[in-house]
Amino acid sequence: MANHKSAIKRHKQSLVRKERNKAVKTSLRTVTKRVEASATGADKDAAASQLKLAIKAFDKAASKGVVHKRTAARTKSRLSKKINAMVV
């Protein structure tokens, strides 16, 4: 355990950030599942709107440093390919 005042503060900050990052990553998994579920359906417009929300979420997470920017780009690309492959 930390002994110095500054180390105690840093530890508290890391715990807060850990909880925040966990919440963001969980929401990213949720939006990814929603996009993939809508990709199996017949409504391409609904799937495209879900994709738009997912792209926004991944861009925001990447800008905050929760996920790496290339991880976000790769995931967005894969989701986009699934939506574009849908037959109307």
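Each residue takes its place number in the sequence, starting with 1. Hydrogens, waters and symmetry mates are skipped; everything else that's a heavy atom, side chains included, is used.
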**Request:** To the nearest 0.5 Å, tell me how far Ser6 OG sits from His11 NE2.
**Result:** 13.5 Å
**Steps toward side-chain contact (heavy atoms from CB on, under 4.5 Å) verdict (Leu51, Ser80)** = CA-CA 7 Å; Leu51 176 65; Ser80 298; 3.8 Å; yes
**Item:** Atom pair CZ/OG1 of Arg78 and Thr32 - distance to nearest 0.5 Å
**Value:** 11.0 Å
**Request:** Sort and list the pairs that fulfil side chain to side chain donor-acceptor pair (under 3.5 Å) and have at least one residue in residues 46-75, not counting sequence neighbours.
**Result:** Asp59-Lys76
**Message:** Minimum heavy-atom separation for Ala39 and Ala47, please, with both atom names.
**Reply:** N-CB, 4.4 Å
**Message:** Can you tell whether the side chains of Lys33 and Glu36 come within less than 4.0 Å, N to carboxylate O?
**Reply:** no
**Fill in**
Looking only at heavy atoms, the pair that brings Phe58 and Val31 closest together is CE1-CG2, 4.5 Å
**Request:** First locate atom CG of Leu53, then atom OG of Ser27, and finally report the distance between them rounded to the nearest 0.5 Å.
**Result:** 11.5 Å
**Fill in**
side-chain hydrogen bond (donor to acceptor under 3.5 Å, both in side chains) filter on Arg10, not counting sequence neighbours, yields Gln13
**Request:** Look up atom CG in Asp45 and atom OG in Ser38, then write down how far apart they are to the nearest 0.5 Å.
**Result:** 11.0 Å
**Request:** Might you work through the side-chain contact (heavy atoms from CB on, under 4.5 Å) test for Val24 and Val66, ending with a clear yes or no?
**Result:** CA-CA 7 Å; Val24 172; Val66 178; 3.9 Å; yes
